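As the structure is a computational prediction, the values presented were derived from the model and not from experiment. Every number for a ligand or one of its atoms is a count from 1 in the order of the listing.
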Amino acid sequence: MTKFVFVTGGVVSSLGKGIAASAIGSLLKSRGLSVTLQKFDPYLNVDPGTMSPYQHGEVYVTDDGAETDLDVGHYERFLGVSMGRQNNVTAGQIYDTIIQKERRGDYLGRTVQVIPHVTDEIKSRMLALTRAKKPVDVAIVEIGGTVGDIESLPFLEAIRQLRLELSTVNTLFIHVTLVPHLGAAREIKTKPTQHSVKELRAIGIQPDILLCRSEVPIPQEVKEKIGLFCNVPTQAVIEAIDVSSIYEVPLMFHRGGLDDLVVSMLRLDAGPADLSAWQQYQERVKAARDSVTISVVGKYTHLRDAYKSIQEAITHGGAANGVSIKIDWVDSERIEMDGPDALLGSSHGILIPGGFGDRGTQGMVLAARYARERRVPFFGICLGMQCAVIEMARDLAGLDGADSSEFDPQTPHPVIALLESQHGVTKKGGTMRLGAYRCVLAPGSHAAEAYAAGEVSERHRHRFEFNNDYQAALEAKGMRVTGVYPELSLVEIVELPDHPWFVGVQFHPELRSRPDQPHPLFKGFIHAAHEERARRAGATDARTGAARS
Ligand code: GLN
């Protein structure tokens, strides 16, 4: 039978609950257990697909085309397992289901209420995980929001009820909390944690384990105090100190005894932990000598969460190449003002990520031109690929005013345009091209070389497509289509064969990158950037050598 670990958060938001839940999952997996994760979000949107990146950060797309919370990305990266629609549930989905049932008459004669109807629907989504074809040993359920929020109360009530129904040996409550260190007083403060646990206990939940986020190590006597006031054994007060890489978290939790505790409290039949993959990753990161600078040119650059998976995939690519990466976040609107030379001069590789709307796209077009002309490795992802196509259409193929019909509906040359099937679509939620599609690769291309395959599957989230009417004109000028979705003849990858590494992809490869399985295109891109760095260092040596002789 599947056992449940419920993860709640207290004191403040942004404590890294998603990473904590993922790390717990990876530890249990390393002990031979099968694990899944599920996130509950308390907002009323049906999914984050219609939210601005400023509100929500990245929208993470799964193979089955669900638009989900960015924590689902951490789940996949830490577990190496593909998630799907059922791994992210929002209050909006719960209420949507209930209202549809009510209109159908399923509750005929009764008043529909938060308890039991909303809580029952929440529980049924959790229990659905146990009815998978091959049920997992442990389901880790993360409750979004902070304990004390009005919005998350029904979720907390649902997990309180589940413990009664499933019993203590089958359920575990882990509360992630903050133990602040007051620099001026040089003191660690336990009161916020005490209050947050008091809040949980007032609604009938006694946490079993406290994961205490702290900037400094928590002394034994402070752990004892927290345990005493929060009614938790001292060894179940586990510190979660800030670390430089999120991939150190499983190792840190293991040192703190967390997996032993979970295994014994849930009476799981588990083997010893094999953390060699995590250790090897850390060793590779620490062994890196050269530093490579990658410029990410986007319009949400001051909000890093908007590019979470891009950032992680670049990091994985760096580790795979034995280099450390400096990411230079470049606001594309600044390129429009200051020009690409000023902002991209020191970068060894230029990446343009996905995005929506016209703002900042001219700066992206300028960045793509700079990369093409200066032969700097270039990786365009979704909107980034579209901007590269617009740039080549205007500058290589002489198609004046070429654009995407998303940015200029009146453009004389809509090199990026809506698919016929998208023309009548007026609803915004869940109507893009979403999820995994196959892509057939052209032999001899950078892409085929990187993947070492003839066909791959990648995830999508976009409405606009390369317009095949312009393929011949662009190919005549040196662009090459190197990946297609044959069923609809959709262009998925474009390249410049006569360039060290210039690849644009319509899909989102960053969503498939894992620390121990870096995405081949990110690995190839960073490799090319590393070579660019070496080339420049060589050129500098040659210049100074010449000056000396
Ligand atoms: N806005 C573009 C489209 O809808 C690109 C989307 C993206 O980059 N995810 O096609």
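- Formation of a donor-acceptor pair under 3.5 Å by the Thr411 side chain with backbone atoms of Gly401 is found in this model.
- Nearest-heavy-atom check against atom 5 (C) of ligand 1 across Ala417, Gly354, Gly355, Gly380 picks out Gly355.
- Applying the 4.0 Å criterion to heavy atoms of Glu406 picks out, from ligand 1, the atoms 1 (N), 2 (C), 3 (C).
- Taking a cut-off of under 4.0 Å to the non-hydrogen atoms of Arg463, the atoms of ligand 1 that pass are 3 (C), 4 (O), 10 (O).
- Assignment of Gln386 to the shell around ligand 1 is supported, since a heavy atom sits closer than 4.0 Å.
- For the pair Ser152 (side chain) and Phe155 (backbone), a donor-acceptor distance under 3.5 Å is absent.
- If you look at Phe525 and His519, their ring centroids are not closer than 6.0 Å.
- Below 4.0 Å from some heavy atom of Cys382 lie the following atoms of ligand 1, by number and element: 5 (C), 6 (C), 7 (C), 8 (O), 9 (N).
- Between Tyr451 and Glu458, the side chains place a donor N or O and an acceptor N or O closer than 3.5 Å (distance only, hydrogens not considered).
- For the pair Arg461 and ligand 1, the shortest N or O to N or O distance falls below 3.5 Å.
- Looking only at side-chain heavy atoms (C-beta outward), Ser309 and Glu58 come within less than 4.5 Å of each other.
- Taking 4.0 Å as the cut-off, His508 counts as a neighbour of ligand 1 on heavy-atom distance.
- Of all protein heavy atoms, the one lying nearest to atom 10 (O) of ligand 1 is Phe464 N, 2.8 Å.
- Between the side chain of Glu76 and the main chain of Met83, a donor-acceptor pair closer than 3.5 Å is present.
- In terms of polar-atom proximity, Gln506 is not counted as a contact of ligand 1, lacking any N or O under 3.5 Å from an N or O of the ligand.
- Checking side-chain atoms of Asn467 against main-chain N and O of Ala417 turns up no donor-acceptor pair under 3.5 Å.
- Considering backbone and side-chain atoms together, Gly357 places no N or O closer than 3.5 Å to any N or O of ligand 1.
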